[in-house]
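Before any comments, here is the structure.
Just so it is clear, the values below take in all heavy atoms, side chains as well, and ignore hydrogens, waters and symmetry mates. We name chains A, B, ... by the order of the sequence lines, and we start the count at 1 in each one.
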Amino acid sequence: MVVKLERRRYILVEFFEKSPNANSFNKKLREKVSQIAGELLLARSGLSVLEYKEKMLIIRCNHHSRDMVEAALCLLEFDDYFRINTISGTLKSIDQTLQEEDEET
Amino acid sequence: MRNLLFDADINDKTIFSFLRFNLLGIRCAISELPKIEYDMFSHLILSEYTDKNFNLGSIKQILNKDRMKFHIVSVHPKSAKIAAFAARDRRIDAIYLDHKATLKIFNMKFARRLEENNKLVILDLSIFFNHLKASTIRSLYRVIEVMGRSKVPFILTISSGIRDYRALQAVAKLLGLESKQTDDNSLRQRIQLNAKKIAGKFPFEGVEVIG
């Protein structure tokens, strides 16, 4: 049986005012992760940032480094308020949760 | 699980609704007695910063005079004497712990005493958000490791800047604290109990007025 050794996690980050440029946010986040956990974990994590809708970004990493990325995200010095909305294994389920939230509101 | 203790400008409700807070807390100095509202609880920290003549005598005096004005009273221990008093006195709800507290006194024996007397440990994580240095974190980390072995509930807080509860829990995970131990149900229960006491529903010890 083939088992995936590395599973991806998608972290949806929601901003209060306006979402920043994905590249600049990626750079800041990578610096923070390397400050906390070192270059080795950063290399393993496969960290990348994707632009997604208005006021939102998606951070992609693997499941081993998820806790660390979440903590680094929280310790990031940033002018605007932001929060982690959901964490998911697929982009499809992120869409579904957002749709559910919209329906609720 | 979306409650948090912090001192912030509570006028800006939009940010709090964005960060999904249900219950807001306000910290205050002894001189500032807040108006207690429905969605807000007051928290008094007895420390060197809120009281100039901070010693055992002044703590007792304040507790006798102003205890019933606050939902939660916590002590920032400056010495072993004050820490021991805070651990055994029923009027004090919590021990406020940060990197500036006298950390040598926090051993396993002290943690057991806190557990026996149903005290909370309010853990200030602002050190992580302001200046992350190994030398300053080291002493705090050792204490949390020791106290994490007991079943004392930790309440996470931050003294500057606003972060949501999930953010603080992620940082607590780095310190090795389990999410069960950082559950804030104990804080919620304590606030409810103290609110009843303030309202005068406990005329005598062990007697509750219902209705």
**OP:** Could you tell me the separation between the NZ atom of B:Lys173 and the CE atom of A:Met68, rounded to the nearest 0.5 Å?
**Re:** 11.0 Å
Original post:
Crowded around A:Glu54 CD? As in, over 12 foreign heavy atoms under 6.0 Å?
Top reply: no
Subject >> Heavy-atom neighbours of B:Arg67 CZ exceed 12 at 6.0 Å >> reply: yes
Subject >> Separation between CG of A:Leu75 and CG of B:Leu125, rounded to the nearest 0.5 Å >> reply: 9.0 Å
**OP:** Calculate, to the nearest 0.5 Å, the distance between atoms CD1 and CG belonging to A:Ile36 and B:Leu174 respectively.
**Re:** 6.0 Å
Subject >> Closest heavy-atom pair and its distance - A:Cys74, B:Ala170 >> reply: SG-CB, 4.1 Å
Subject >> More than 12 heavy atoms from other groups under 6.0 Å of CG on A:Asp79 >> reply: no
